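Heads up, the thing below is written out as structure tokens.
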Amino acid sequence: MPDPSSSGAAPRVRFAPSPTGFLHVGSARTFIFNWLYARHSHGTMVLRLDDTDVERNTDASVQSIFEGLRWLGLDWDEEYRQSERIDLHRRSAEAIFTKGLAYRDFTPAHTADDNQSSGAQGAWLFNPGMREMSGEESDRRAAAGEPFALRYRVPRGEGRVLHFVDGVYGPQTKPADEVEDFALLRSDGMPTYHLASCVDDADLRISHIIRGQDHLTNTFKHLLIFEALDAPAPNFAHVPLLVAPDGAKLSKRKHGPVVSVTTYRDAGFLPQAFVNFLCLLGWSPKNDREFMSLEEIRELFTLDGVNRANAIVNIPLSMKDYEAFVPSPEQRLKIFELGRRAIEEAEIVRVMSEMDPDAEKPTPAHTGEVIDLREAVNRPPEHGLFDPKAVWLNAEHIRALPLDELSRDLEPFFLAAGFNPKPEKIEAVAPLIRERIKLLRDAVAAADFFFLDQLPPYDPAELIPQKGDAAMARRVLETALEVLAATNFDHDSLDQALRGAATELGLKAGQAFQPIRVAVCGRKNAPPLFETLVVLGRDVCLERIRRALANVA
RNA sequence: GGCGCUAUCGUCUAGGGGUUAGGACGUGAGAUUCUCAAUCUUAAAACCCGGGUUCGAUUCCCGGUAGCGCUACCA
């Protein structure tokens, strides 16, 4: 049996979430660190569901964890579930008991309250009555069916000192006398976390345990278990925790959905940006690099780049603010439904006008609602919910993405918002908005006018250029009508023609372009004009300018 | 309460016995541009406190303080 802790051999690491909730950003980071360590050194990544707590485990949680991990796009090589290995845990516990390294504790399970009331000063270490109980009495009471927990018989009064060298925190020591007789088996026969975790780590030959710093002091117990199992202790590395701005650990109740990985996905983070962000929290390549591809991070990643202090995730809003900001799931559902109906109606209108081009185009009944939809989706500047650095990194990664990939990633967000664009159209639009969006979902707001049949109502005053009046707006729009009708719809021709027209009108480019931009986009802030016109096409542009003209009167 | 871990700009961090304490995000100002972005320039912004050790501590040691963790038949 090879020593798993021996250096040289390819490491085996594991990520062992317990499915008691959604995939937490902190867990995700632990997973990422493990993955980086494994892949950096061509080792093996094991995924193990630590699902021994039947009370709290849910299938939904298992699904949520897989969903999150799948989105991250980081793979693993082996997969296990602790609940399928309970026999092994029990047998191991029995072996430890047989060796005399554990004893039965018949004390009824107590609650946290009991603990406090009995709580004199100093830590509870063991119950002498149980620890010293004779084998005969213990056997007799067990045979009589009295429930008991199995506790580790921690060596006492021997001056034994436990020690290990942590991959991040360095040498750690603790006198065994200060370690309490922790439980191995619960009175219902189920293994505790400590037992199950160590038995599995030993059995799966895990060589490096990389986990949250909250386990640093638990490690001494684990050392004892490995010893009782006659298994070599693996290497340990504890990584600092992720905390909220108030220093408290991130909780869904207090800090809202920002602690869930799927929230980032749904808001339009790129997984590589999310990974980039998380690994920068508590780890540094020490060369001032921040924006990195997965490959770069993997090559650069080492344990001694890991920091020892907890890192604050800079989320500026509380749960309450979040609710005010973002549509509830019900609202989102409604938005989606409205969008779907709007698409259907638009299709009907299209078919009708094909059959009878002269008929007056009916206004889709739901246009108004579509506009609400758009506003509801667009309103929340969701960036405010996330760490600004995460948002910035995401924008960087979006800009680094090849256009076809960007377009593909964008599509679901348009669909979810009720648009139904053709892939070619998205590819045409993507270059115009990629520098204007930070989250993928921003694209919906940034590009809506490309996909809307009809522009939502806007304030006609916006058509009026700087230092100009309605008459000037009219003149510009009328000229634009002529120019656009006569010019080739490509960037350079439009550039030349429109600039020429502006000069003829005696206007600066900026003045002349604003009315056209607003007429065509329905707002002042938009992508560059010529490119926009090209993507929109002549017909749409002319039609929108005509409408604007009717409004500016 | 006991034990442990930690402490550099608002946030993430680099650094390290002598430095103008570096970078990034964010923020302010400016430049550029057909708007918005993007980009560029620039500004403000930090070594928790107190003792040592030392010629000299932000860095090393001790103490304090604060935060976090463990102290469950949760993980």
Side-chain angles (χ1 to χ4, degrees), chain A residues 16-20 50-53 55-56 105 107-112 114-115 119-125 147-151 166 169 172-175 178-180 182-194 196-197 212-221 238 240-241 243 245-249 277 280-291 307-316 387-393 395 399 432-438 446 465-466 495 498-499 502 508-514 516-518 521 523-530:
Chain A
S18 58
T20 56
D50 279 10
D51 55 352
T52 53
D53 186 3
E55 303 275 302
R56 302 199 301 151
D105 183 348
T107 315
H110 48 225
T111 64
D114 294 341
N115 213 12
Q121 38 284 60
W124 175 91
L125 287 175
F148 60 87
L150 194 69
R151 288 186 182 281
D166 190 86
Y169 289 90
Q172 306 290 318
T173 59
K174 184 169 191 146
E178 290 174 15
V179 178
E180 75 278 8
F182 54 92
L184 262 17
L185 247 30
R186 302 178 198 144
S187 47
D188 62 3
M190 290 297 282
T192 62
Y193 158 75
H194 298 300
S197 177
Q213 187 248 31
D214 48 346
H215 284 299
L216 189 62
T217 43
N218 281 335
T219 304
F220 297 105
K221 295 172 199 162
H238 291 85
L241 267 18
V243 297
D246 60 3
K249 74 172 171 191
F277 167 66
L280 250 19
L281 256 23
W283 173 77
S284 162
K286 299 181 189 297
N287 61 179
D288 285 346
R289 297 275 287 127
E290 301 224 294
F291 169 69
N307 208 20
R308 282 179 292 276
N310 289 172
I312 293 176
V313 183
N314 200 3
I315 43 173
D387 190 312
K389 196 152 200 169
V391 174
W392 169 76
L393 276 170
R399 280 176 229 133
L432 302 191
I433 59 170
R434 79 195 302 184
E435 280 172 0
R436 268 155 272 264
I437 62 175
K438 291 179 187 300
Q466 290 285 307
D495 187 328
L498 254 12
R499 278 186 202 278
K508 287 192 198 160
Q511 286 179 300
F513 295 169
Q514 179 175 330
I516 305 174
R517 172 178 295 114
V518 172
C521 304
R523 68 174 109 99
K524 285 183 187 172
N525 299 342
L529 187 58
F530 312 130

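Computed from a predicted structure; not experimentally measured. Chain identifiers are assigned alphabetically (A, B, ...) following the order of the sequence lines, protein sequences preceding nucleic acid strands; residue numbering begins at 1 within each chain.
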**Q.** rC73(B) phosphate, OP1 or OP2, under 4.0 Å from Arg151(A) side-chain N/O
**A.** yes
In whole Å, measure the gap between the [atom1] atoms of [N] and [M] for me.
| N | M | atom1 | answer |
| --- | --- | --- | --- |
| rA46(B) | rU33(B) | P | 36 Å |
| rG2(B) | rU13(B) | C1' | 34 Å |
| rG26(B) | rC9(B) | C1' | 12 Å |
| rG51(B) | rC12(B) | C1' | 32 Å |

**Q.** Val243(A) vs Leu185(A), nearer the 5' end of RNA chain B by closest nucleotide
**A.** Val243(A)
Q | Contact pattern, 5' to 3', of nucleotides 33-48 of chain B - B, S or - by protein heavy atom under 4.0 Å | A | -BBBBSS---------
Verify, without hydrogens or angle tests, whether [X] (side chain) and [Y] (backbone) share a donor-acceptor contact under 3.5 angstrom.
| X | Y | value |
| --- | --- | --- |
| Asp166(A) | His238(A) | yes |
| Asp387(A) | Asn314(A) | yes |
| Gln511(A) | Gln466(A) | yes |

Q: Report yes if a donor N or O on one partner sits less than 3.5 Å from an acceptor N or O on the other, where the partners are the side chain of Ser187(A) and the base of rC73(B); otherwise report no.
A: yes
What N/O pairs connect the protein and nucleotides 12-14 of chain B at under 3.5 Å? Give each pair on its own line.
from	atom 1	to	atom 2	distance (Å)
rC12(B)	OP1	Ile312(A)	N	3.0
rC12(B)	O2'	Leu280(A)	O	2.8
rC12(B)	O2	Lys389(A)	NZ	3.3
rU13(B)	OP1	Gly282(A)	N	2.4
rA14(B)	OP1	Lys286(A)	NZ	3.2

Q: Report which part of the nucleic acid Lys508(A) touches: base, sugar-phosphate, or nothing (heavy-atom distance under 4.0 Å, all strands).
A: nothing
